[in-house]
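Notes to accompany the following structure.
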Amino acid sequence: TADLPDHGYWQEWFPADWVSEMREQIRLWFYSQLFMSVVLTGQAPYRKVLGYEKMLDETGDEMHGSRGNMIEADDAFARMGADVMRWQYCAQPPNQNLLFGFGPGQEIQRKLLTFWNSATFLIRYANIAEFSPNRVAPPVPPGDMAFLDRWLVARTRRLVAASTQAYAQYLTVNVLKEFEDFVEDLSNWYVRRSRRRFWNGDTEALQTLWASLVTALRVVSPVMPFLTEHLWQILVADIFPDAPQSVFLAGWPELEQPDDEIVDDMAAVRRVVALARQARTASRRRNRQPLRRLVVEGADRAAAYASEIADELRVKEVTFGPIHATELRVRPNLPVLGPRLGARVGELRKALEAGEFEQLGNGGFRVAGYDLGPDEVLVEHTDKPGWAVASSEGISVALDTELDAELVREGRVFDAIHHVNTKRKEAGFEITDRIELSLPAADADLLEYADWLASETLAVSVSVSDGDEFGLVRVKR
């Protein structure tokens, strides 16, 4: 007999809210429970059932000890951790086989490291600024908040809303998809775009990031209990003695209506930025090299954020409108056109190369008195010299890749800043350490950018030396 305290206690827990097992159990365990419960009590023993497919190794083969591909639980716990294992299980659509292994586990560890780094970034700069978060901070009127702060608040509310719906549907795969997208936005947009504010100890940025991280911990804690509890202790319990001493005692975040307008605006901005980076890569212009102009077509809702786009992409000007940075090149399709026109193909080829043609509405062309069908020509769209173009989902961008002396010199400044900060890190300098910076003689012309160099490298002075290397001297406090 079952070891139950009494029948009344049993009734409190019956029927079960949820049972879960692989699909084969539909006719075994699930059915046996259902049959016996209906016979004995007249009702089903569970309210929800989640069935799922098989767990195979990461190549799709069944796991067997004889094959050497079976993973012992203790080995998996030691090498990837329980939260990573739970992520693999929970991120899998229940109607597909789970390919489990250390390879997928490493990819999950990389994603979790991004989230972890966002938390450690907050802790580092909060300590430098001697910042203490306000757990019950009064709401700040949207008009008084920085744009990126308003966006992150809205983005976090969308995470809560979408995850609430996913949990209600018992679809942890959707929870983790939402969480992954959120971490990408948090780390690779908000934190990166707000770095200067964190360097300056901006309390509003620190408060916004803290509140967003703490909310995200509550949302994802059912899937990753160990990492979230560890971070909750650091970010909340250790700071506020009267706060819930566990993330699992904190309750579910309040459902608040997200500002979908600002979230969708920023999504459009990020699509433009991604396309511009694609165009930059195709043109082989380095990311640290400033460029003169970007033209955007088909992304009207991003137009209000032109300065944000320009700063992110290191371009001087961003305009929105038609793009005229491509050339149409038309050639005769010889295997098709040759048999029809014979020797006259040469005449048509010269006219096409000279651009002496008219486009027809059916995709064909009129040239030298002939109407050519779409199958009789080969059409190419090529970038005009000095431009790089990229397009996707109705949005196109054109990047002016021509360089002048000013742009080249500014690119060298960015290179110098990167080089100096790398040397700071290699030398073991603290992020708050001030330095005296000397430029190599070959870079003496960069001295006109001394203020810029100083602000980006924490230099109290910038000079030129006779040597060939950048010189860094830590200033004693």
Side-chain angles (χ1 to χ4, degrees), residues 58-60 93 95-97 99 103 107 267-287 289-303 309 313-315 317-404 407-408:
E58 59 188 271
T59 65
N95 63 337
Q96 299 175 17
N97 290 331
L99 304 185
E107 177 62 19
V269 169
R270 296 204 65 186
R271 283 196 292 273
V272 169
V273 168
L275 281 174
R277 285 177 177 151
Q278 181 182 325
R280 182 188 277 270
T281 299
S283 70
R284 298 185 178 180
R285 291 297 187 205
R286 299 173 302 111
N287 287 332
Q289 174 60 61
L291 297 173
R292 186 62 61 188
R293 188 157 64 108
L294 175 74
V295 182
V296 182
E297 183 177 352
D300 293 343
R301 69 182 311 146
I309 295 170
L313 295 172
R314 289 178 180 162
V315 295
E317 178 187 9
V318 176
T319 59
F320 286 76
I323 291 176
H324 305 290
T326 59
E327 294 178 327
L328 182 65
R329 184 184 178 194
V330 184
R331 295 179 292 123
N333 188 353
L334 296 178
V336 177
L337 204 56
R340 179 160 84 90
L341 297 180
R344 287 168 291 180
V345 169
E347 177 188 353
L348 263 70
R349 187 199 302 239
K350 290 181 181 178
L352 289 171
E353 289 177 349
E356 299 170 354
F357 55 77
E358 176 187 352
Q359 288 186 257
L360 303 177
N362 64 351
F365 292 83
R366 179 171 293 138
V367 55
Y370 295 95
D371 286 353
L372 308 182
D375 63 327
E376 295 178 317
V377 291
L378 301 174
V379 180
E380 296 177 2
H381 291 273
T382 59
D383 298 348
K384 288 182 179 179
W387 290 88
V389 180
S391 302
S392 178
E393 299 179 356
I395 299 177
S396 298
V397 300
L399 194 62
D400 183 353
T401 59
E402 292 288 340
L403 300 180
D404 54 36
L407 291 174
V408 170

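What's counted below: heavy atoms across the whole structure, side chains too, no hydrogens, waters or symmetry copies.
- In this structure, R292 and D404 have side chains that are in contact, with non-hydrogen atoms separated by less than 4.5 Å.
- Inter-residue side-chain proximity for L291 and L403 is flagged as met; some heavy-atom pair is nearer than 4.5 Å.
- Contact check for P332 versus L348: no side-chain heavy atoms found under the 4.5 Å cut-off.
- When all heavy atoms of S392 and L275 are compared, the pair lying nearest together is CB-CD2, 3.8 Å.
- Counting all heavy atoms, side chain and backbone alike, D400 lies closest to G386 at OD1-O, 3.4 Å.
- We find the CD-CD distance between E107 and E58 to be 12.0 Å, quoted to the nearest 0.5 Å.
- Side-chain contact check for R293 versus W387: some heavy-atom pair is nearer than 4.5 Å.
- Within the 4.5 Å cutoff, no side-chain heavy atoms of Y370 are placed close to those of E376.
- Taking CD from E402 and CG from L407, the interatomic distance works out to 10.5 Å, rounded to the nearest 0.5 Å.
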- request: Take V367 and E356 through the test side-chain contact (heavy atoms from CB on, under 4.5 Å) and record every step on the way to the result.
  value: CA-CA 7 Å; V367 55; E356 299 170 354; 5.6 Å; no
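- The two residues A398 and V389 have their closest heavy-atom pair at CB-CG2, 4.1 Å.
- Note that CZ of R349 and CG of L337 are 10.0 Å apart. Values are rounded to the nearest 0.5 Å.
- A390 approaches Q278 most closely through the heavy-atom pair CB-NE2, 4.0 Å.
- The closest side-chain heavy-atom distance from D375 to N333 is not below 4.5 Å.
- The two residues A299 and V272 come nearest to each other via the heavy atoms CB-CG2, 3.7 Å.
- Considering CG of L399 and CG of L294, their distance stands at 5.5 Å, rounded to 0.5 Å.
- The heavy-atom pair separating R340 from D371 by the smallest distance is NH2-O, 3.5 Å.
- Within the 4.5 Å cutoff, the side chain of I309 has heavy atoms near those of the F320 side chain.
- A distance of 5.0 Å separates CZ in R271 from CD1 in I395, rounded to the nearest 0.5 Å.
- Q289 places no side-chain N or O within 3.5 Å of a backbone atom of R286 that could act as its donor or acceptor partner.
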